[in-house]
Amino acid sequence: MRWSTLHIPTLRDAPGDAEAVSHALLVQGGFIRQLHAGHYSLLPLGWKVHTKVATIVREEMDAIGGQECLLPTMHPAGIWQKSGRWDTMGEIMFRLKDRRDNEMALGITHEEIFATVAAELSSYKQLPQLWYQIQLKFRDEARPKSGLLRVREFAMKDSYSFTIDWDGLDEMFERHRVAYARIFERLQLAAFPVEASSGAMGGDTSTEFMVPCAAGEDDVLRCSTCDYAANVEKATSALAEVADEAPLPEPERFATPGIRTIAALEEAGAPADRQIKTMVLVADEATVLALVRGDHQLNVQKFVDATGAIELRPATPDEAKAALGAMPGSLGAVGVDGLTIVADEALRGRTNMTTGANDDDWHYRGVDIARDIKVGQWADLREVQAGEACMSCGTALEVVRCVEAGHIFKLGTVFAEKFGVTVADADGQEKPVVMGSYGIGIGRNMATVAESHNDERGLIWPVSIAPYEVVITVVKLDDNSMAAADVIYSDLKARGVDVLLDDRDARAGVKFADAELIGIPYRITIGPKALADGEVEFTERRSGDMQRVAKGAVAEMVTDLVTTQRKL
RNA sequence: CGGGCUGUGGCGCAGCUUGGUUAGCGCGCUUGACUGGGGGUCAAGAGGUCGGGAGUUCGAAUCUCCCCAGCCCGACCA
């Protein structure tokens with residue numbers, strides 16, 4: 001294409017409100033424009049990149065046997081009520097009504113719809129099936145941010161597997177791991193798999209693919225020695241043994257005037273790891289207690305996963321007082337009856353502990369948890385901190401800030417049971433089909449590549465998804481230069497290279513700056529200097545390295561380079 | 001949802017504290033000239049409901065109130 005005819009609205013200045021690098025560069029480079037919070041228009045350049053990302057995903061899904069479909073975006077409420085997620089999804093779901101007052105929703109994901117399609121399966125001989133689509137999802141995110149990284153309307157590749165048993169699911173899961181690894185390799189993203197919480201998706205296990213990135217929103221605990229990596233919502237670590245002394249015969253009250261914090265109580269003689277921290281939470285309208293060791297932090301998602309709570313929030317100080325009789329700072333679970341008490345595993349078997357006495361300015365010491373506290377449920381609740389020991393090898397774990405680039409779930413038979421997705425097995429017995437679901441956001445991955453590949457001059461796209469693989473920059477629009485440019489341009493096009501001819505009547509500096517800003521990986525510069533020797537200049541965007549090439553040889557050379565890079 | 005901040009030509013901003021003729025600047029845009037290998041120079045132009053509404057006032061971009069939108073932090077979130 002000829003630049004002079006295209007709509008590539010690059011900006012001299014970066015937008016003032018863009019914090020994330022990808023956001024600023026995609027706007028400045030003329031790839032995207034915001035319509036309103038969380039909704040972006042993809043301009044020609046942006047759509048080209050987006051399409052190339054989608055193509056890579058499509059190719060890799062096809063390579064593992066995926067069959068592409070396209071399901072509706074708008075769904076009747078009934079289908080979501082059938083799975084029970086009409087209620088559990090809460091505010092994330094855009095809801096609307098049609099003219100007959102029927103309730104509808106915009107799809108946040110498509111398990112329900114694919115399960116409906118799958119209900120037509122009737123025999124194990126039809127399995128396995130692997131279906132996917134690249135389709136818009138709508139999510140009413142509380143806080144869209146960072147350009148394309150977190151939006152309310154976005155294209156996602158979501159695939160769904162249907163197998164006769166769990167071994168089949170394992171096989172499908174493994175296929176996706178391979179496909180995703182290939183996708184991220186082709187996108188040149190440093191993604192790595194991590195253990196994740198399945199959250200509202202439910203199901204058995206899930207794996208996220210994370211890309212280290214400052215603009216990300218997830219923390220991953222990673223071991224540098226072995227391959228352990230897990231989302232902080234799921235991560236565990238090995239704790240040093242704590243040797244407890246024998247407990248007192250019974251908890252002993254002692255006055256702690258003015259002491260409201262773990263740290264203050266520590267100064268008063270109770271080490272933090274010998275304290276029980278009691279937090280009052282409101283889970284789906286019920287008051288519950290979460291107990292962790294004094295020096296530990298509660299991870300809310302872990303609590304949700306352990307208890308199945310849908311909505312969870314900390315109680316207000318007044319609510320805490322109403323429930324336990326004291327203000328935060330003197331709360332405890334000793335002798336508490338009638339409230340659900342969930343305790344972290346690190347507290348199991350501990351004795352001689354200190355905790356609040358549910359009386360302002362009073363605490364108990366000598367507490368034996370097994371004896372004195374009616375724990376209703378033991379669970380892993382504590383948030384792992386950087387530096388704690390890896391469970392499998394003991395190395396200190398590090399925290400890495402990441403973007404979630406993909407997420408794959410083993411769903412099991414939950415949806416199959418609700419939607420009647422059953423098939424007859426070899427013995428003629430009706431069996432629920434085992435499902436998996438697998439997601440990868442197209443726009444988010446595009447933005448993540450932008451986050452990962454840029455410099456002070458702008459974007460540096462990998463050849464695989466660059467809006468154009470090569471730009472021909474004509475320094476001076478005289479007949480001689482344009483003639484040479486046209487020959488090379490036609491030659492490259494004939495060779496199947498995605499080439500952009502910058503034939504704008506602008507100063508060389510402007511063209512160089514724009515080419516670099518929009519991140520075209522290779523540039524052929526045509527100017528009188530080199531042309532006098534029958535040569536053109538060839539520059540690699542990433543390194544800035546320039547070399548002179550005979551004008552008749554450059555097309556073949558570039559084609560070879562691009563072809564190699566493209567396939568990577 | 002809580003906290004902080006911001007809305008002024010296409011983009012980036014000043015003006016607002018202390019109300020006062022015609023609302024400025026840079027970039028971009030149009031036309032012309034000179035230029036021509038890293039965002040050039042000169043000249044002449046076009047382009048603005050100052051986020052919206054109500055109020056105070058002789059007079060509001062500026063003060064007051066309400067609303068809307070956007071950004072950032074936190075909460076939340078497949």
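All figures in this text were calculated on a predicted structure; none of them were measured in a lab. Per chain, numbering begins at 1; letters A, B, ... match sequence-line order.
- Looking at A:R541 and A:D455, a side-chain N of the basic residue comes within less than 4.0 Å of a carboxylate O on the acidic one, giving a salt bridge.
- Nearest nucleotide to the side chain of A:P528, out of B:U35, B:C77, B:G37: B:G37.
- Minimum atom distance to the side chain of A:I92 is reached by B:C77, of the listed B:C77, B:G38, B:G40.
- Here A:A14 lies in heavy-atom contact (under 4.0 Å) with sugar-phosphate atoms only.
- Among the protein residues, A:A142 comes within range of the nucleic acid bases, having at least one heavy atom under 4.0 Å from a base atom.
- Nucleotides B:A46 and B:G52 place their P atoms 24 Å apart, quoted to the nearest Å.
- Rounded to an integer number of Å, the gap from A:H23 NE2 to B:G70 C1' is 10 Å.
- Within 4.0 Å (heavy atoms only), A:G439 reaches no atom of the nucleic acid at all.
- Among the nucleotides B:C72, B:G36, B:C76, the one closest to any side-chain atom of A:S146 is B:C72.
- Distance A:K529 NZ to B:G38 C1': 10 Å, rounded to the nearest Å.
- Figure legend: A:R222 and A:F192 shown as a cation-pi pair, the cationic atom lying under 6.0 angstrom from the six-membered ring centre and within 45 degrees of its axis.
- Across B:G70, B:C11, B:U35, the shortest atom-to-atom separation from the side chain of A:Q34 is found for B:G70.
- Pair assignment for B:C1 gives B:G74, based on Watson-Crick or G-U wobble hydrogen-bonding distances that are each under 3.5 Å.
- When each of B:C11, B:G70, B:G39 is scored by its nearest atom to the side-chain atoms of A:H36, the top-ranked nucleotide is B:G70.
- Checking A:D170, A:V433, A:V434 one by one against A:T163, the side-chain contact (heavy atoms from CB on, under 4.5 Å) holds for a single residue, A:V434.
- For A:F512, counting side-chain heavy atoms from C-beta on, the closest listed nucleotide (B:G38, B:C72, B:G39) is B:G38.
- Nucleic acid contact class of A:M156 (heavy atoms, under 4.0 Å, all strands): base.
- No engagement by A:R444 is indicated, since no non-hydrogen atom pair under 4.0 Å with the nucleic acid exists.
- Taking atom P in both B:G47 and B:U6, the straight-line distance is 31 Å, to the nearest Å.
- B:A60 is unpaired under the criterion used here, namely a Watson-Crick or G-U wobble arrangement in which both key atom distances are under 3.5 Å.
- A 3.5 Å limit on both hydrogen-bonding distances identifies B:C11 as the Watson-Crick or G-U partner of B:G26.
- Within 4.0 Å of A:R523, counting heavy atoms only, lies at least one base atom of the nucleic acid.
- Relative ring orientation between A:H110 and A:F114 is described as perpendicular, the plane-to-plane angle rising above 60° on a 0-90° scale split at 30° and 60°.
- Nucleic acid contact for A:D505: base, since at least one base atom lies under 4.0 Å from a heavy atom of the residue.
- When distances run from any side-chain atom of A:D17 to the nucleotides B:C72, B:G70, B:G37, the shortest one goes to B:G70.
- The CZ atom of A:R143 sits 15 Å away from the P atom of B:G2 (whole-angstrom rounding).
- Residue-level contact check: A:E141 touches the bases, meaning some heavy atom is under 4.0 Å from a base atom.
- A:I8 has its CD1 atom 18 Å from the P atom of B:G28, to the nearest Å.
- What separates CG of A:L149 from C1' of B:C77 is a distance of 15 Å, to the nearest Å.
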Do A:D219 and A:R401 pass the salt bridge (charged side-chain N to carboxylate O under 4.0 Å, His left out) test, and can you show the C-alpha distance, the side-chain angles, and the key distance before you say yes or no? CA-CA 5 Å; A:D219 284 322; A:R401 183 39 75 113; 3.0 Å; yes

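- For an aromatic pair to be called close, the ring centres must be under 6.0 Å apart, and A:W461 with A:F31 satisfies this.
- Among B:C27, B:G36, B:G38, the nucleotide with an atom closest to any side-chain atom of A:E516 is B:G38.
- Only the P atoms considered, B:U18 is 24 Å distant from B:A23, to the nearest whole Å.
- Both A:K476 and A:Y160 lie near RNA chain B, and the one whose nearest nucleotide falls closer to the 5' end is A:K476.
- Nucleotides B:U22 and B:G26 are separated by 23 Å at their P atoms, to the nearest Å.
- The existence of a salt bridge linking A:E537 and A:K529 is excluded, since no basic side-chain nitrogen approaches an acidic carboxylate oxygen closer than 4.0 Å.
- One C1' atom belongs to B:G48, the other to B:A61, and the distance between them is 11 Å to the nearest Å.
- Distance CD (A:E91) to C1' (B:A75): 13 Å, rounded to an integer number of Å.
- A cation-pi contact links A:R2 to A:Y489, judged by a cut-off of 6.0 Å to the six-membered ring centre and 45° from its axis.
- Nucleotides B:C5 and B:C77 have their P atoms positioned 28 Å apart, rounded to a whole Å.
- Closest to the side chain of A:D13, out of B:C11, B:G40, B:G36, is B:C11.
- Here the C1' atom of nucleotide B:G38 and the CE atom of A:M546 are 13 Å apart, to the nearest Å.
- Judged by distance alone, with hydrogens and angles left aside, A:R507 brings a side-chain donor or acceptor within reach of the base of B:G40, the pair sitting under 3.5 Å.
- A:N480 places its CG atom 17 Å from the P atom of B:G36, with the value rounded to the nearest Å.
- Atom P of B:U21 sits at a distance of 15 Å from the matching atom of B:G59, rounded to the whole Å.
- For the OP1/OP2 pair of B:G2 and a distance below 4.0 Å, the side-chain nitrogens and oxygens of A:R313 include no atom meeting the criterion.
- Two residues, A:Q28 and A:F154, neighbour RNA chain B, and the one matched to the more 5' nucleotide by heavy-atom proximity is A:Q28.
- Here A:K145 does not reach the OP1 or OP2 of B:G70: none of its side-chain N or O atoms lies under 4.0 Å away.
- One P atom belongs to B:U49, the other to B:G24, and the distance between them is 15 Å to the nearest Å.
- The side chain of A:R150 has B:C77 as its nearest neighbour among B:U35, B:G74, B:C77.
- Both tests hold for A:R95 against A:W86: distance to the six-membered ring centre under 6.0 Å, angle to the ring axis within 45°.
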